[in-house]
Amino acid sequence: MTKSFVTVTRGVIWSVRRWQRALTLRARCAKGGGDCCTCERCGLVADTAEKKPLSFQDMILTLHDYWSARGCAILQPYDMRVGAGTFHPATTLRSLGPEPWNVAYVQPSRRPTDGRYGENPNRLQHYYQYQVILKPSPADLQEQYLGSLAAIGIDPLLHDIRFVEDDWESPTLGAWGLGWEVWCDGMEVTQFTYFQQMGGFDCKPVAGELTYGLERLAMYIQNVDNVYDLRFSDPVGDVPGLSYGDVFLENERQFSKWNFEVADTDTLFAGFKAAEDECKRAIAANVPLAAYDQAIEASHLFNLLQARGVISVQERANYMARVRDLAKGSCKAWIDSQSERWTEKYPGWVL
Amino acid sequence: MTDFLLELRSEEIPARMQAGARAELEKLFRAQMAAAGIDVGNLTIWSTPRRLALIAKGLPQATAAVSEEIKGPRSSAPPQALEGFLRKTGLTQDQLEDRDGVYFAVIDKPGRATAEVLAEAIPAIVRGFAWPKSMRWGKESASSESLRWVRPLSGIVAIFGDELVPCEIGGIASGFVTRGHRFHCPGEITIGSAADYAEKLRACHVIVDHEERQAIVRDGAAKAAADAGLSLVEDEGLVIENAGLTEWPVPLLGRFDEAFLEVPPEVIQLTARVNQKYFVVNGTDGKLANGFVCTANIDAKDGGAEIVAGNRKVLAARLSDARFFWEQDQKKTLEQHAEKLANITFHEKLGTVADKVERVAKLARWLVEEGIIMPSSVPAQAGTQSGDGPTADGRSGPPPSRGNMDVSREELADQAELAARLAKADLVTEMVGEFPELQGLMGGYYARAEGLPDAVADAIRDHYKPVGQGDDVPTAPVTVAVALADKLDTIMAFFGIEEVPTGSRDPFALRRAALGIIRIIQSNAIRLSLSAVTYNGMIVPIFQSFAVPEAIDREHVKRVLAPAKKFLSDESAASQSVLEDKFLVEAEQSAARYAVAQASIIKLLDFFADRLKVQQREAGVRHDLIDAVFALGGEDDLVRLLARVKALQAFMATEDGANLLAGYKRAANILKQAEKDVVPAQAGTAGGTAPTITAPAFAGATDVDKALLAALDAAEPAASAAVADERFTDAMAALASLRAPIDAFFDGVMVNDPDEAVRAYRLGLLSRFTGAVHGVADFSKIEG
């Protein structure tokens, strides 16, 4: 397993190198003063022409290599059911405090209400997000990000890349930030955010967060209209490649049914209450990481209850407030458990 | 004289904030320069998504030296005064001049180099800049004091003449270097001066002048459409937004699957506009065609083919969603959708939307059944144009010659009630959930699709109107009934729970609702007593829930109940004595509720008066004249009121009117004075009732006295009859007949005659005169 992983990775590194060359060329073009560069000459020349678009997994591996080469630790998905990559403690908790933190990871994300029994070409109750957290946010974060798009085969002189205002807020995490949704030919492919607050606390310093919608990007790159038609992996020799549908279509059917029709609501309600209680106990016992796990659990159970349609409009706000309290409590406990070390290591830093 | 260039480069500034940012930059720069004493002429301010730029032409090299002289305390003043003055001026005593025993401080401010002033001004501008939302970023954000900007600030160009203005803010130092287009020319460019700034950027694919980019978007989009034989649906908001999203705008035309055109055009336009910022286009038939114009930010290598293809795919996905909603929503009738309204809270104290719908439906029916809204198209606005009141037959029963009568009152009432019951149903449809702006419109489409009468579908569609100032006012009777009932209910409901607009706070848009009501009433010449409506809407429900006014005894209950009886169901009316018992029992608790309702009604009527004044001021109607009519009290019919005000305004513009007003004021003053004096018994009060002076009561009456009395005898009944018939111009003419006699009276006799009887008589005459005038309008409220 490890071996084949490395082999694929190497191939990707080559293409990244080519891109880095192209980027260097680009950076050198601008002399300024006197005659300005002529744009045709200095513009980035596409390196992607006539190349077979990356498969879903190669796209992920390319991003791993790209961000690894920029100093990110490549983490693995968090082993719990979450609604978005932001819920991973590597984002939520680690975006707090003064320590530098640069990581990238894929996070499977579950949104029960988005399930369509495998019948909608764009909507899934389970999908992947690619998450990059850079703390403090580097001055060239936008350039680094654009480099990653180039690495997976998007030529910015052929495709229209745009940063369109979209401020992010997560009421359940007590978090907000300013940034954009990044458009590629009118399609939102990434959420780009400078975190300002998490769990109700100021981010000091601010972390930059990139959240790529992997299926969307892949559909774009591979030029397919149905997510289940994506090439997940390419054939090698006589080993056939898999499509996204091969891997996930049956999951979508079964989980849509379970989310909407089967899941036992009494169990879910009881689970919510149990997670809530356990979170509070863990906070009291000063194990904030464990407490945060329970906050995530409660959040997901709430999403399932929503999908089952048993939470009324009035109750909804109340449940969200309860989840927020758990998340905020966990963040607070995390800060409390770390702040002594933080202030020692970073004199002058205050919450 | 030297030119100054400032560029503040940042990551992408939200398009909607750029206009505000330009204004803010200009304001702060002017303030800084004014504080330093530098005259600034015209400024050029530009913005792109990635930069704010300012060019100030012809600044002086240095500020002029200023000598300022400040007067201090007398030299004989106590030492504390001197100390204070020295502190204030920062001087020592030997630096002061003693001029004739008074200290003067002369402070010489030498001229400063403008470059130096600018170097201080730039950081102050950046730090003082007010963005709607701002953020921290980067390493510096470890401290709370780090610089805030709308998005990370990445560079500053500051050049005075061809010299750098050195400054540094948050670790960013000013320089000559900026960057061109993000993709076409991402490297560094060096700017020489304000003169070459725009052209150097243009060479690097950046059009820095936002107006030029707007023109490119506007004209380019129109051309892209025209080249394909289509016409662009103009949208200036989109022009500005797209110019704010691009440094090198390139409008491109794309097409989408014709099959999507089955979705209502408004939905397509909104999907394209809101989600994707695309223009839509019309075909030669003037109907929406299957095309769109997107605005790219690059000159794509392939001419934009890939970009168009990508955007088409995104739009197709959006339109698929819209079509899905459109089809899904039609699987249920509006009546079925409306059932869900019971789950939506309208306001925590006012129940659900279903409760509101129920009230509106009843009110809409009542408006028709009472004959307030009649089964005809808009009545001709008889007489109102000529400054006279509408004719009397406008108030009672359907007029013989007005509009078509092919719908009976009963049918109209049924349609109004049905439309009101369904008007809010689209709020729970998928489509309106996605696009709240489409409320009403979608309901109209769905109503038509399920075969409801056009009048009902139109009423559902248009019942929110008029929304803004330029919006159409409904005229179709069913629509008018629902639109009026919906707005009246909203206002009554919120006034009933004392949620009244204050200052700039009007969270439930009650002012807009009131203005909507006023405009509907005016446009349709609807004769509506606001007190009757509010009584029906706010007091009757209290009776119906067995609550009662400050009922003390059965007689009182009966009295109070009498007018309410017609609103009660037959059943409850039959068992009235039972009701009365219940009322008595519950009287205590309900007294408070009744008091609130009564107070609310008074507030509500005042609120309408205020809205009317605001609205009429814009139409050139004098607010004091509105007050003069309102002050009479009992006037709650806006059509009649305005007719009266207009007649009054016309009258006040005549010589007779102006002189009569002068005579009135004089009479009122004399009466007021007399009241303060010794004979209060006979004296009338301004605005009070006149003592009955009907005949020359004493031999000494002069011809002038007699003439005034005769004029009053003639004018009073003429005026009051005219008012009763709403012939307000005639009422004014009746008043005008008093002008000559009152002038002659003041010229010919002395009111304060030494003979007490004569004086009392003449005061009585004056009192009767003011009373006669008051029958038409309260002249004491009129200015001038």
Side-chain angles (χ1 to χ4, degrees), chain A residues 26-40 42-44 46 98 121-122 136-139 141-143 146 155-165 167 177-180 183-188 194 196 202-206 208 220 223 225 312-314 346 348-350, chain B residues 11-12 14-17 49 133-144 146 150-152 154 176-177 179-192 200 203-205 245-246 276-278 294 296-302 306-311 313-315 317 343-345:
Chain A
R26 188 167 66 154
R28 220 179 278 142
C29 89
K31 315 267 187 306
D35 292 328
C36 175
C37 53
T38 65
C39 298
E40 279 67 26
C42 80
L44 184 54
N122 299 302
S137 63
L141 181 52
Q142 281 186 312
E143 283 70 28
L146 292 169
D155 178 348
L157 285 181
L158 201 53
H159 295 285
D160 186 31
I161 314 282
R162 222 85 73 69
F163 291 85
V164 181
E165 176 189 17
D167 300 337
L178 298 190
W180 311 272
W183 284 13
C184 176
D185 297 339
M187 181 173 67
E188 181 193 350
Y194 291 99
Q196 302 294 302
D202 280 349
C203 296
K204 295 166 70 176
V206 164
Y220 197 84
N223 195 23
D225 291 337
S312 74
V313 182
Q314 285 83 354
Y346 295 85
W349 184 87
V350 284
Chain B
E11 298 179 11
E12 276 76 353
R16 68 184 170 93
M17 296 180 190
K133 277 184 186 173
S134 64
M135 56 167 278
R136 300 170 295 115
W137 68 91
K139 278 203 287 289
E140 289 75 15
S141 61
S143 153
S144 300
S146 70
V150 61
R151 291 293 183 277
S154 34
F176 289 102
V177 169
R179 285 177 187 269
H181 188 281
R182 191 184 272 297
F183 302 113
H184 281 298
C185 206
E188 297 184 337
I189 359 165
T190 304
I191 304 298
K200 277 208 169 151
C204 291
H205 270 75
L245 280 165
T246 49
Q276 298 300 137
K277 312 188 194 307
Y278 301 155
C294 61
N297 188 32
I298 53 167
D299 226 343
K301 288 184 290 195
D302 64 350
E306 291 261 3
I307 296 174
V308 168
N311 278 289
K313 206 185 270 188
V314 181
L315 183 59
N343 301 329
I344 303 178
T345 307

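Throughout, protein chains are lettered first and strands after them, A, B, ... in sequence-line order, and every chain is numbered starting at 1.
Within the 4.5 angstrom heavy-atom criterion, atoms from both the backbone and the side chain of A:I161 approach chain B. Only the side chain of B:Y278 comes within less than 4.5 Å of a heavy atom of chain A; its backbone N, CA, C and O stay farther away. Contacts between B:S134 and chain A at a heavy-atom distance below 4.5 Å involve the backbone alone (N, CA, C, O). For A:N223, the parts lying under 4.5 angstrom from a heavy atom of chain B are both the backbone and the side chain. Using a 4.5 Å cut-off between heavy atoms, B:V308 makes no contact with chain A at all.
Your options are A:P98, A:G186, A:P136, and the one with the most heavy-atom pairs under 4.5 Å with chain B is A:G186. For the set A:M187, A:Q196, A:H159, the entry with the most heavy-atom pairs within less than 4.5 Å of chain B is A:Q196.
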Audit row: A:K204, B:S141, side-chain contact (heavy atoms from CB on, under 4.5 Å) steps and yes/no
CA-CA 6 Å; A:K204 295 166 70 176; B:S141 61; over 6 Å; no
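Here CD of A:Q142 is found 4.0 Å from CZ of B:R182. Values are rounded to the nearest 0.5 Å. Note: A:D225 CG to B:K313 NZ = 4.5 Å, rounded to the nearest 0.5 Å. Atom CG of residue A:L157 and atom CD1 of residue B:I298 lie 6.0 Å apart, to the nearest 0.5 angstrom. In this structure, CG in A:D155 is found 3.5 Å from NZ in B:K301, a value given to the nearest 0.5 Å. Remark: B:E11 CD to A:W180 CH2 distance equals 4.0 Å, nearest 0.5 Å.
Between the A:S137 side chain and the B:W137 main chain, no donor and acceptor come within less than 3.5 Å of each other. The backbone N or O of A:P205 sits nowhere less than 3.5 Å from a side-chain atom of B:R136 that would complete a donor-acceptor pair. A donor-acceptor pair under 3.5 Å is formed between the side chain of A:D160 and the backbone N or O of B:N297.
Using a cut-off of 4.0 Å between Lys/Arg side-chain N and Asp/Glu carboxylate O, A:R162 and B:E12 are scored as not salt-bridged.
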